[in-house]
Amino acid sequence: MITDQQIERWLREDVGHHDVTNQVPGETTGRLVAKADGVASGIEAAAAVFEYLGVTVTDQLESGARLKAGDELLAVEGSARDVLRGERVAVNLAGHASGIATRTRRVVDEAREARHASNTRAAAGCERGANTDFDDIRIAATRKTTPGLRGLEKRAVVAGGGDTHRLDLSHMVMVKDNHIAEMGLEGAIEHFREHASFATKLDVEVESVEDAPRAAAAGADIVLLDNMTPTETREAVSLLAEYEGVLAEASGGITLESVADYAATGVDVISMGSLTHSAPSLDLSFRTGV
């Protein structure tokens, strides 16, 4: 995933052409340590930076590991100059990725807890929702990623228990509002169904409850319920339950604070751009000579 060319660009950006700061003699060791609780990610990328510089990685955690403040994520040894040169890039990558993984894990836990509570209430009232498996709800990322870091960020989502969604435009056709404005709902679905492979799914965005079953009837594999309230989402999910195999996806402005309300509606997927574009970095520290 991480190429030498990427690492070289990262280091050139940070080190520049005349690095005096890190001209430190001798050999040393270094440790990447968590200063806050969270979920580890980006460790492979951080290790690759050190290895590119000829620094030996002596120990590292696996992505997805739960962290407590004080836990060690990575240990290295090598020349002091190269350890120090790799430090900032490695910390930035691991901190950014671990922040995404940590945010994703919180969202996944909130969603599953809400789904479980909703299903418990429904069972007590002898009612069942469209999706009754609280472990089966998927929290997915979007393409709202940092240019050049999509691989790192999508892997971080997975480390936090989330789903990558499509990695790029070729992975799935999304029929969005502009497509529908140009060709109409049914016309757009027919157009892309004719041009896509049989193996390519169609995810169709709708903005009203009434359009959800229209999209399903026209051939959507997934119906994306965009910018709907939880009440509207629940209504749309109920209508889509009649279409076997069609998934319901909720998206648009969903946050950590509101994800529980959407999870309780019975949707199969909740996609959130904020997993990648708004997650704060996890606070990490790199310490040498210890």
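Below, all heavy atoms of this structure are taken into account, side chains as well, without hydrogens, waters or symmetry copies. Just so it is clear, the model here is predicted, and its values are computed rather than measured.
- The closest side-chain heavy-atom distance from Thr146 to Thr276 is not below 4.5 Å.
- The shortest non-hydrogen separation linking Ala101 to Ser41 is CB-CB, 3.8 Å.
- Checked against salt bridge (Lys or Arg N to Asp or Glu O under 4.0 Å), Arg103 has no partners two or more places apart in sequence or in another chain.
- Here salt bridge (charged side-chain N to carboxylate O under 4.0 Å, His left out) pairs that include residues 150-174, with residues two or more places apart or in two chains, are Arg138-Asp163.
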| message | As a quick check of understanding, evaluate side-chain contact (heavy atoms from CB on, under 4.5 Å) for His277 and Met272, giving each step before the final call. | response | CA-CA 9 Å; His277 69 59; Met272 300 169 59; over 6 Å; no
| request: With side-chain contact (heavy atoms from CB on, under 4.5 Å) as the test, would you mind laying out the steps for Thr265 and Leu225 before giving the verdict? | output: CA-CA 12 Å; Thr265 66; Leu225 311 170; over 6 Å; no
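- Contact check for Leu93 versus Leu149: side-chain heavy atoms found under the 4.5 Å cut-off.
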Can you give me every donor-acceptor pair (side chain of residues 240-252, partner residue at least two apart or in another chain, under 3.5 Å) with its distance?
from   : atom 1 : to     : atom 2 : distance (Å)
Glu249 : OE2    : His165 : NE2    : 2.9
Glu249 : OE2    : Ser271 : OG     : 2.7
Ser251 : OG     : Ser271 : O      : 3.2
Ser251 : OG     : Ser271 : OG     : 3.0

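- For residues 56-70, the side chain to side chain donor-acceptor pair (under 3.5 Å) pairs, not counting sequence neighbours, are Glu44-Ser63.
- Within the structure, salt bridge (charged side-chain N to carboxylate O under 4.0 Å, His left out) pairs that include any residue of residues 198-223 comprise Lys176-Glu205, Glu186-Arg214, Arg193-Asp221, Asp211-Arg214 (at least two apart or interchain).
- Hydrophobic cluster membership is shared by Val91 and Ile7, with clusters built from Ile, Leu, Val, Met, Phe, Trp and Tyr side chains linked at under 4.5 angstrom.
- Note that OG1 of Thr255 is 11.0 Å distant from CG of Leu275, once rounded to the nearest 0.5 Å.
- In this structure, the separation between NE2 on His171 and CG on Leu169 is 10.0 Å, given to the nearest 0.5 Å.
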| task | Before giving the answer on side-chain contact (heavy atoms from CB on, under 4.5 Å), spell out for Val157 and Thr164 the whole-Å C-alpha distance, their side-chain angles and the decisive distance to 0.1 Å. | result | CA-CA 7 Å; Val157 170; Thr164 61; 5.7 Å; no
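- One hydrophobic cluster, built from ILVMFWY side chains closer than 4.5 Å, holds both Val259 and Val108.
- One N or O on the side chain of Thr104 and one on the backbone of Ile100 form a donor-acceptor pair closer than 3.5 Å.
- Residues satisfying the salt bridge (Lys or Arg N to Asp or Glu O under 4.0 Å) test with Asp177, not counting sequence neighbours, are none.
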| task | Take Asp109 and Arg106, measure what side-chain contact (heavy atoms from CB on, under 4.5 Å) needs, and give me the verdict at the end. | result | CA-CA 5 Å; Asp109 290 345; Arg106 288 185 64 193; 5.9 Å; no
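- Criterion: ILVMFWY side-chain heavy atoms under 4.5 Å apart, direct or through other members. Under it, Leu152 and Leu61 are part of a common hydrophobic cluster.
- For Ala263, the side chain to side chain contact (heavy atoms under 4.5 Å, CB included) partners are Ala111, Ala114, Ile137, Ile270, not counting sequence neighbours.
- Atoms OG and CG, on Ser118 and Asp261 in that order, are 10.5 Å from each other to the nearest 0.5 Å.
- When every heavy atom of Ala220 is checked against every heavy atom of Ile189, the shortest pair comes out as N-CG2, 4.4 Å.
- With sequence neighbours excluded, the residues forming a side chain to side chain contact (heavy atoms under 4.5 Å, CB included) with Gln5 are Thr3, Arg9, listed by chain and number.
- Residues Ala196 and Leu202 come closest through the heavy atom pair CB-CD1, 4.5 Å.
- Cluster annotation: Leu73 is not connected to Val39 through the hydrophobic network of ILVMFWY side chains, with a link wherever side-chain heavy atoms come within less than 4.5 Å.
- Shown here is Glu182, whose CD atom has no more than 12 heavy atoms of other residues, nucleotides or ligands within 6.0 Å.
- Taking all atoms of both residues into account, the shortest heavy-atom contact from Val204 to Ala215 is CG1-CB, 4.0 Å.
- Nearest approach of Ala94 to Leu32, heavy atoms of both residues: CB-CD2, 3.9 Å.
- Here the closest non-hydrogen pair linking Ala80 and Thr28 is CA-CG2, 3.6 Å.
- When the side chains of ILVMFWY residues are joined at heavy-atom separations under 4.5 Å, either directly or via intervening members, Leu67 and Val33 end up in two distinct hydrophobic clusters.
- Its side chain within the 4.5 Å cluster rule, Leu84 clusters with Val24 among the Ile, Leu, Val, Met, Phe, Trp and Tyr residues.
- Every residue meeting the ring pair (Phe, Tyr, Trp, His ring centres under 6.0 Å) condition with His195, not counting sequence neighbours, appears here in chain and number order: His191.
- For Glu72, the salt bridge (Lys or Arg N to Asp or Glu O under 4.0 Å) criterion is met by Arg31, not counting sequence neighbours.
- Remark: His96 NE2 to Leu282 CG distance equals 12.5 Å, nearest 0.5 Å.
- Residue pairs meeting the ring-ring contact (aromatic ring centres under 6.0 Å, His included) criterion with at least one member in residues 30-82, sequence neighbours excluded, are Phe50-Phe286.
- The CZ atom of Arg12 sits 12.5 Å away from atom CG of Asp14, with the distance rounded to the nearest 0.5 Å.
- Rounding to the nearest 0.5 Å places CD1 of Ile139 at 12.5 Å from OH of Tyr262.
- No side-chain donor from either of Asn119 and Arg115 sits under 3.5 Å from a side-chain acceptor of the other.
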